[in-house]
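Reviewing the structure listed below.
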Amino acid sequence: MSCDLSALANLDPSDADAAQRLLDQCTAALTDPSLWIWAIVFTVVCAVVGALIGRYKNAVVRDAVLGAALGPIGWIISLLLPAQRPKPACPKCRRIVDAGDAHCRHCGAKQ
Ligand SMILES: [Zn+2]
């Protein structure tokens, strides 16, 4: 007996233990470590591919999260989203400042 809808459709209603055996078999399939290892590896690979897409969009974290959460659909969304502009750097100390700041928060230089 396999764990699918045809097994459920062909279940003998007079055999009370048959339903329990099918449930046990399906539960065992869900707790199989190879299934979870495969799912984790797939999620990590999707996040890495999303991060690589995000590298060219200047949004590595955003696109890695999209890839991990949505898989290939997240990659498509990442490709369709606009690239993020890099934050401006202070002309004096070269550290990153927020756009619109009047003075650098690190060295105090006027922007
Ligand atoms: Zn500065």
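Both counts, for ligands and for their atoms, begin at 1 and track the order of listing.
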So which pairs with a foot in residues 66-90 pass salt bridge (Lys or Arg N to Asp or Glu O under 4.0 Å), sequence neighbours left out?
-> Lys87-Asp98
Name each donor-acceptor pair under 3.5 Å that joins a side chain in residues 34-41 to protein atoms two or more places apart or in another chain, with its distance.
residue, atom, partner, partner atom, Å
Ser34, OG, Asp32, OD1, 3.4
Ser34, OG, Asp32, OD2, 2.9
Trp36, NE1, Leu30, O, 2.7

What do you reckon, is CZ of Arg105 surrounded by more than 12 foreign heavy atoms closer than 6.0 Å?
-> yes
Looking only at non-hydrogen atoms, find the nearest pair between Lys110 and His103 and report the distance.
-> CA-ND1, 3.7 Å
Mind counting the protein N, O or S atoms sitting less than 2.8 Å from the Zn ion (ligand 1)?
-> 4
Looking only at the SG atoms, are Cys26 and Cys3 under 2.5 Å from each other?
-> yes
Which donor-acceptor pairs under 3.5 Å do the side chains of residues 64-82 make with protein atoms, sequence neighbours left out?
residue, atom, partner, partner atom, Å
Trp75, NE1, Cys46, O, 3.1
Ser78, OG, Asp63, OD1, 3.3
Ser78, OG, Gly74, O, 2.8

